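I'd like to ask you about the structure that follows.
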Amino acid sequence: MPTTLVREDDRTYRLEIRGLLRKADLDRAQRDLLATLAGDGGGTVRLLVRLQAFEGWESDPRWNDLSFYVIHGDALERIAIVGDERWRGEALMFAAADLRKGPVEYFTPDRESEARAWLGSA
């Protein structure tokens with residue numbers, strides 16, 4: 001399973017992505033997050049995305065589907081992405097960093113502690 005969603009505390013979740021990211025795997029992780037949020041009564045959360053042995057995105061025309069972002073984008077208060085430098089530009093574009101209400105930052109693996117501190121600030 002290339003994606004795993006883990007609750008780290010009341011407001012922080014970690015999404016682990018390994019290998020090639022498939023649309024179906026991301027959809028499942030988004031459903032899991034929404035189910036957890038609904039059980040908690042809604043609100044906003046912070047997301048730590050860890051790209052490990054990441055190989056990119058599966059070629060799939062369904063990546064054009066922005067419904068999760070449009071409907072639930074504001075529920076993600078902050079997003080910190082941790083991965084190899086080579087994925088920075090594409091990952092920030094994929095996360096719609098410039099379009100989101102909440103900030104999105106990218107960190108290399110040696111700076112994961114900074115990513116966690118940044119998520120906890122504000």
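Just so it is clear, the structure is predicted and the values come from calculations on it, not from any experiment. Residue numbers run from 1 in the order of the sequence given. Hydrogens, waters and symmetry mates are skipped; everything else that's a heavy atom, side chains included, is used.
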Testing the basics here: between Pro103 and Trp118, what is the closest heavy-atom pair and its distance to 0.1 Å?
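Nearest pair, atom of Pro103 first, then Trp118: O-CH2, 3.5 Å.
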Electrostatic pair Asp27:Lys23 at N-O distance under 4.0 angstrom:
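Salt bridge: yes.
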Report the C-alpha separation of Tyr13 and Leu48 in whole Å, then their side-chain angles, then the decisive distance to 0.1 Å, and conclude whether the side chain to side chain contact (heavy atoms under 4.5 Å, CB included) test is met.
CA-CA 6 Å; Tyr13 290 82; Leu48 174 66; over 6 Å; no
Taking Arg28 for the side chain and Thr3 for the main chain, is one N or O donor matched with an acceptor at less than 3.5 Å?
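Judged by distance alone, yes, a pair lies under 3.5 Å.
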So, does Arg14 use its side chain to make a donor-acceptor pair with the main chain of Leu47 at under 3.5 Å?
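Not a single qualifying donor-acceptor pair exists.
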State whether the side chain of Arg50 and the backbone N or O of Ile17 hold a donor-acceptor pair below 3.5 Å, judged by distance alone.
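Not confirmed, Arg50 side chain does not pair with Ile17 backbone.
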Evaluate Leu76 against Arg100 for side chain to side chain contact (heavy atoms under 4.5 Å, CB included), listing each step before the verdict.
CA-CA 9 Å; Leu76 299 173; Arg100 289 186 176 277; 4.0 Å; yes
Residues Glu77 and Thr44: side-chain donor-acceptor under 3.5 angstrom:
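Their side chains do contain a donor-acceptor pair, which is all the 3.5 Å distance test asks for.
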Just by distance, do the side chain of Arg22 and the backbone of Ala24 share a donor-acceptor pair under 3.5 Å?
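Answer holds: no.
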Might you work through the side chain to side chain contact (heavy atoms under 4.5 Å, CB included) test for Arg116 and Leu119, ending with a clear yes or no?
CA-CA 5 Å; Arg116 290 176 177 280; Leu119 276 177; 5.5 Å; no
Under 3.5 Å: donor-acceptor pair, side chain of Thr12, backbone of Glu8:
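Here the side-chain-to-backbone pair does not exist.
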Between CG of Asp98 and CG of Leu92, what distance do you get to the nearest 0.5 Å?
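Atom-to-atom, Asp98:CG and Leu92:CG are 8.0 Å apart.
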Any Leu34 side-chain heavy atom under 4.5 Å of Asp32 side chain:
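A side-chain contact is absent here, since even the closest heavy-atom pair is not under 4.5 Å.
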Using 0.5 Å steps for rounding, measure from the CD1 atom of Ile81 to the CZ atom of Phe54.
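Answer for the CD1-CZ pair, Ile81 versus Phe54, is 9.5 Å.
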Could you tell me whether Trp63 and Phe94 have their ring centroids closer than 6.0 angstrom?
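Yes: the rings meet the under 6.0 Å criterion.
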Under the side chain to side chain contact (heavy atoms under 4.5 Å, CB included) test against Tyr106, which residue among Val49, Leu51, Ile79 passes?
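In the set Val49, Leu51, Ile79, the residue that makes a side chain to side chain contact (heavy atoms under 4.5 Å, CB included) with Tyr106 is Leu51.
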Counterpart residues, side-chain hydrogen bond (donor to acceptor under 3.5 Å, both in side chains), relative to Asp84 (two or more places apart)
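For Asp84 there are no side-chain hydrogen bond (donor to acceptor under 3.5 Å, both in side chains) partners, ignoring immediate neighbours.
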Got a second to check how far Leu5's CG is from Glu16's CD, nearest 0.5 Å?
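With rounding to 0.5 Å, CG (Leu5) is 10.0 Å from CD (Glu16).
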Where do Glu90 and Trp57 land on the side chain to side chain contact (heavy atoms under 4.5 Å, CB included) test, with the steps shown first?
CA-CA 10 Å; Glu90 290 175 81; Trp57 294 264; 3.7 Å; yes
